[in-house]
Amino acid sequence: MKVGTWNINSVRQRINLVTRFLRAEQPDVLCLQETKVVDELFPAGPLRRLGYVHQAIRGQKGYHGVAIVSRLPFRSVASGDFCREGHARHLCVVLENGVELNNFYVPAGGDIPDPRVNPKFAHKLAFLSAMARAFRNRPHDRRAPVVLVGDLNVAPLENDVWNHKQLLDVVSHTPIETELLAEVKDAFAWSDIARDEFVPHDRKLYSWWSYRAADWRASDRGRRLDHIWVSPGLKGAATHHAIHKKLRGWKGASDHVPVVAEFALQPAKDCRPPP
DNA sequence: ATGGTAGCACCGCTA
C-alpha cells in the first residue's frame with residue numbers, strides 16, 4: 001500500500017499538478033491539506049478519472065480544508081473534534097484493508113510564538129494538546145494498523161530546519177511546539193517513519209520551502225513540516241519513503257512537496273472477517 | 001532589521 005500526503009495550497013489552483021503527481025507516482029491513497037474549497041466545488045472529476053473514485057472531502061470557504069482520495073474503498077469516514085475554531089482540519093478513513101488513516105492539517109500558528117498575545121498560536125497549542133489527549137485516551141490495540149499523516153506545521157528535530165538556533169524562536173520550531181508534538185507522538189507510541197526508520201537524524205530533511213525566498217533552491221531554507229507516522233502495529237512495515245523535493249521546482253508549485261510511504265501489509269492481519 | 005510570495009475573498013486575512 002502506497003500513501004501520499006501533500007499540502008496543496010488550493011487544490012483547484014493546482015489540480016493539474018495533483019494529477020501529474022498521481023500519474024507518475026501511482027499512490028493508492030493521497031491525503032491533501034489546504035484544499036481551500038467548499039465540497040461542492042472540489043475537483044472530483046479529474047481525480048475520479050485517474051481511478052481515485054473514493055473521495056472523503058471536508059472543505060470550507062477560502063481557508064484550510066482536507067481531503068483523502070483513494071483507489072481503495074473506505075469502510076468508514078469520520079472527522080474528529082480537535083479544532084475549537086471548527087476549521088476543516090481532520091479527516092479519518094478506515095480503508096478496506098483495515099488500515100485507519102488520519103489526515104491532519106495543524107494550524108500554522110501565526111507569527112508571534114506567545115499564546116498570551118497571539119490567539120493563533122494559542123489555537124495551535126490547543127489543537128496539538130487535543131491530538132495528544134485523543135490518542136492517549138484511546139484504548140489501544142497495539143497491533144492495530146493506524147497511520148497519521150499531514151501538515152503538522154511543526155519541524156521537530158534540529159535538522160528538520162535549515163538553522164536550529166536561528167529558528168528556536170520562530171513558530172514551527174519553538175521548544176513549546178516541538179515538546180507538544182513529542183507528547184502527541186508518545187501518546188500513541190507513533191513511529192515517525194522519516195526519522196525513525198529511513199533518514200538519520202544528522203541529515204537535513206525538509207518538505208517545505210517558503211514562497212518568499214528569491215531562490216528557494218539556492219537559499220535552501222527549508223523546514224520538515226509534513227509527516228507520516230505509524231502506530232506500533234505498522235512499525236517496520238514501511239518499505240519505502242520519499243520526500244518529492246523536485247516538485248517544489250514545478251511551475252506553479254505549492255510551497256510544500258508530497259511525502260510518500262509504501263507499506264508491505266500482512267494480508268491476514270488486515271482482513272476483516274466476512275459478514 | 002526588514003521584507004520578501006501566494007491564494008482567496010473581496011478592499012484584509014491566512015499562510
Side-chain angles (χ1 to χ4, degrees), chain A residues 5-21 31-43 46 57-67 82-90 103-115 117-128 149-156 160-163 165-174 176-178 180-181 206-227 244-245 247-259:
Chain A
T5 177
W6 194 4
N7 178 320
I8 194 62
N9 186 23
S10 174
V11 69
R12 284 182 296 174
Q13 196 67 21
R14 282 178 247 287
I15 185 61
N16 292 338
L17 302 191
V18 176
T19 53
R20 184 174 165 194
F21 169 72
C31 296
L32 295 167
Q33 303 88 35
E34 273 208 271
T35 52
K36 292 189 172 179
V37 65
V38 292
D39 296 351
E40 302 75 58
L41 298 176
F42 184 84
I57 54 181
R58 182 159 176 243
Q60 64 179 89
K61 192 173 180 176
Y63 304 102
H64 324 307
V66 286
F82 302 94
C83 182
R84 66 186 189 192
E85 306 295 327
H87 300 163
R89 294 183 178 275
H90 174 254
N103 179 17
F104 278 98
Y105 176 45
V106 173
D111 288 332
I112 305 163
D114 182 346
V117 301
N118 175 5
K120 289 205 284 283
F121 193 70
H123 178 221
K124 180 179 198 175
L125 301 182
F127 192 103
L128 288 166
V149 308
D151 176 4
L152 304 185
N153 264 315
V154 179
D160 291 338
V161 294
W162 63 278
N163 186 316
K165 279 188 183 162
Q166 207 163 321
L167 287 174
L168 275 171
D169 60 355
V170 173
V171 171
S172 74
H173 194 60
T174 63
I176 184 166
E177 293 167 85
T178 55
L180 243 183
L181 191 70
Y206 314 136
S207 64
W208 172 89
W209 290 261
S210 172
Y211 281 127
R212 298 180 194 179
D215 185 337
W216 70 274
R217 201 191 306 268
S219 58
D220 200 24
R221 296 185 169 187
R223 304 178 202 169
R224 188 172 72 99
L225 304 177
D226 303 276
H227 302 268
H244 289 254
K245 179 175 180 177
L247 272 67
R248 185 62 181 77
W250 282 4
K251 187 175 166 57
S254 169
D255 46 355
H256 296 252
V257 298
V259 182

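Chain letters run A, B, ... following the sequence lines, proteins first and then strands; every chain starts at 1.
- Each of A:Ala108 and A:Ala253 lies near DNA chain B, and the nucleotide nearest A:Ala253 is the one positioned closer to the 5' end.
- Near DNA chain B, defined here as any heavy-atom distance below 4.0 Å, the residues from residues 208-216 of chain A are A:Tyr211, A:Arg212, listed numerically.
- Using atom P as the reference point in both B:dA1 and B:dG12, the two lie 29 Å apart (nearest Å).
- Annotation: ring-ring contact (aromatic ring centres under 6.0 Å, His included) contacts of A:Phe104 (sequence neighbours excluded): A:Phe82, A:His90.
- Heavy-atom nearest nucleotides on DNA chain B were determined for A:Tyr105 and for A:Arg12, and the one closer to the 5' end corresponds to A:Arg12.
- Side-chain contact annotation: A:Asn153 with A:Lys124, donor-acceptor N/O pair under 3.5 Å absent.
- Using a 4.0 Å heavy-atom distance criterion, A:Arg221 is classed as making no nucleic acid contact.
- Looking at A:Thr19, its side chain does come within 3.5 Å of a backbone N or O of A:Asn16 through a donor-acceptor pair.
- Taking atom C1' in both B:dG3 and B:dA15, the straight-line distance is 16 Å, to the nearest Å.
- For A:Ile112, the side chain to side chain contact (heavy atoms under 4.5 Å, CB included) partners are A:Asp114, A:Val117, A:Asn118, not counting sequence neighbours.
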**Message:** As a quick check of understanding, evaluate side-chain hydrogen bond (donor to acceptor under 3.5 Å, both in side chains) for A:Arg224 and A:Ser207, giving each step before the final call.
**Reply:** CA-CA 5 Å; A:Arg224 188 172 72 99; A:Ser207 64; over 6 Å; no

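- We find that A:Asp220 and A:Lys245 are joined by a salt bridge, their nearest charged nitrogen and carboxylate oxygen being less than 4.0 Å apart.
- Under 3.5 Å, the side chains of A:Gln33 and A:Thr5 contain a donor-acceptor pair of N or O atoms.
- Qualifying salt bridge (Lys or Arg N to Asp or Glu O under 4.0 Å) partners for A:Asp226, counting only residues two or more places apart in sequence or in other chains: none.
- The CZ atom of A:Arg89 sits 5.5 Å away from atom OH of A:Tyr105, with the distance rounded to the nearest 0.5 Å.
- Annotation: proximity of residues 117-128 of chain A to DNA chain B (heavy atom, distance under 4.0 Å) is found for A:Lys120, numbered in ascending order.
- Across the P atoms, B:dA6 and B:dC10 are found 22 Å apart, a figure rounded to whole Å.
- In this structure, A:Asp111 places its CG atom where only 12 or fewer heavy-atom neighbours from other residues, nucleotides or ligands lie under 6.0 Å away.
- Between the side chains of A:Glu34 and A:Asn7, at least one donor-acceptor pair of N or O atoms lies under 3.5 Å.
- When the P atom is used for both B:dC13 and B:dA9, the distance is 16 Å, rounded to whole Å.
- At a threshold of 4.0 angstrom between heavy atoms, the contacts of A:Arg89 are confined to the sugar-phosphate backbone, with no base atom among them.
- In summary, contact between chain A and DNA chain B, defined as any nucleotide atom under 4.0 Å from a heavy atom of the protein, begins and ends at B:dG4 to B:dA15 in the 5' to 3' direction.
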